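Keep in mind the model is a prediction, meaning the values are calculated, not measured.
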2 protein chains.
Amino acid sequence: MASKDRILRLKEETRCNILDASLKIVKEGGWDALSMRKIADEIEYTAPIIYEYYSNKGAILLELTRKGFLLLSKKLEEAKAKHRLPAKQLEAMWLAYWDFAFAEKELYQVMYGVETTCCEMAKKLPESEMPMDLIWDVIVELMLPHVGTEEEVCIKYYTFWSVIHGLISINMVNRGNTDETNQEVLKTAITGIIRSIKG
Amino acid sequence: MASKDRILRLKEETRCNILDASLKIVKEGGWDALSMRKIADEIEYTAPIIYEYYSNKGAILLELTRKGFLLLSKKLEEAKAKHRLPAKQLEAMWLAYWDFAFAEKELYQVMYGVETTCCEMAKKLPESEMPMDLIWDVIVELMLPHVGTEEEVCIKYYTFWSVIHGLISINMVNRGNTDETNQEVLKTAITGIIRSIKG
DNA sequence: TGTATCGTTTAACAGTGTTAAATAATTTTA
DNA sequence: TAAAATTATTTAACACTGTTAAACGATACA
């Protein structure tokens, strides 16, 4: 009976619609705006129907992160294919990674646990700039006798901060590295950047 | 009347108790476990009382992030004071930053928007390892003819990933940098690491 | 002692994820 | 075609969330 196939096809379609609706809601109002009832509204059903397709809300998020990793991998492969030299390939791949993060911001957020809401408020705190100011001063001193421009110091600071915050984030959400590996990455990164600052 | 003072002191104390209770709950069960009613339970009151001290839940989070930035700044200053050379100071400060992140994990999370829950599940996805595998291969090729050990490649990979994921995260939650600054940081970081890999 | 103020709680509202039961629609069987 | 069985969908409910308004209790002031 071909009607079975048709029904299966429809089921697969609503399964897909649920994901699309979810992503649409998130893109419009952020991850906090995503609720089962809103998804149901979007696909013109009521909430419990969703549980016929996904066991719970977490399963929807999981499927979205899966899609995210697949899409990212595709982008990386495409970037690689455009070059022959490994150095060029690597550079292109990381730039593709960068582009993906902002083109598919919501996916990147759920893939790697980057919150945005909680830091909306931190921006209002004057205290949030204190750590930067403290480190900024030392970078300026380190560059002496050369007097660095704001732009120059800024780049140094963010290079530092990125590698350290990145390593911290990765370890917090992933807990994959050994302490030795972390210390190694940290040390090589820090001393490398310091050396590049000093000349 | 000194009783006014006593009452003010008590008020200040419960204001503080609310923060302590919140942090305790979060440390025990993560940020998802934090609710107004649980805080009330902890300080042996009912929920609406909390609104006499903080206008809403967000105000509590904001106060915790403020405490976090203050504590981090203190740690950075202490680290700086232990050395005289700017290079040594800088190294010590970033190591203090690192230590703070894990010693006060919950504070760091709310300060910089690092989620942990959503990536519990991503670990189960085989797809989550695809991007690493793709880039891993190119790093190995780039190191040829030297055949890198697993540990060596791992450190290179995480150095790359850290700086890029860090820069992405910072931009997502902060949106502070100009595109030119970002591109500059990205490019210098990438080419720098690539050069260090090639010899 | 009566009144006003303050501290605190109870009750409620709108929202969340999720489940069980009731209903509507469809398909299968007689 | 009519009845039965199965499937699709919804309604109602539960326990929870943040938050507010009203009621209650105690305390201080006249």
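Comparing C:dT19, C:dT8, C:dG17 against the side chain of A:Ser35 picks out C:dG17 as the nearest. Listed candidates were C:dT18, C:dT8, D:dT19. Nearest to the side chain of A:Met36 is C:dT18. In the set D:dG18, C:dT9, D:dA13, D:dG18 carries the atom at the smallest distance from any side-chain atom of B:Arg37. Among C:dG17, C:dG7, D:dT19, the nucleotide with an atom closest to any side-chain atom of A:Lys57 is C:dG17. For B:Pro48, counting side-chain heavy atoms from C-beta on, the closest listed nucleotide (D:dT17, C:dT16, D:dT20) is D:dT20. Residue B:Glu52 places its side chain closer to C:dT8 than to any other of C:dT8, D:dA21, D:dG18.
Between the side chains of B:Thr181 and A:Tyr158, no donor N or O sits under 3.5 Å from an acceptor N or O.
For the pair B:Ile139 and B:Tyr157, the tightest heavy-atom approach, listed with the atom from each and the gap, is CD1-CA, 3.7 Å.
Atom CG in A:Asp41 sits about 11 Å away from atom P in D:dT10, given to the nearest Å. One can place CD1 of B:Ile43 at 12 Å from C1' of C:dT8, the figure rounded to the nearest angstrom. If you measure from atom CG of B:Asp32 to atom P of C:dT16, you get 16 Å, rounded to the nearest angstrom. Taking atom CG of A:Asn56 as the reference point, atom C1' of C:dT16 lies 14 Å away to the nearest angstrom. Rounded to whole Å, the distance from OH on A:Tyr53 to P on C:dT18 is 17 Å. Between the OH atom of A:Tyr51 and the C1' atom of D:dT7 there is a distance of 21 Å, given to the nearest Å. Summarising the geometry, the separation between CD1 on B:Ile49 and C1' on D:dG25 is reported as 13 Å, rounded to the nearest angstrom. Rounded to an integer number of Å, the gap from CH2 of B:Trp31 to C1' of D:dT17 is 17 Å.
Residue contacts for A:Leu34: at a heavy-atom cut-off of 4.0 Å it reaches the sugar-phosphate backbone alone, with no base atom in range. As judged by a 4.0 angstrom heavy-atom cut-off over every strand, A:Tyr45 is placed among residues touching the sugar-phosphate backbone only.
Ring pair A:Phe100/A:Trp94: centre-to-centre distance not below 6.0 Å. Between A:Tyr112 and A:Phe69, the ring centre distance stays below 6.0 Å.
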- [ ] Start with the C-alpha distance between A:Glu115 and A:Trp31, add both sets of side-chain angles, then the distance that settles side-chain contact (heavy atoms from CB on, under 4.5 Å), and finish with yes or no.
- [x] CA-CA 9 Å; A:Glu115 269 220 60; A:Trp31 283 101; over 6 Å; no
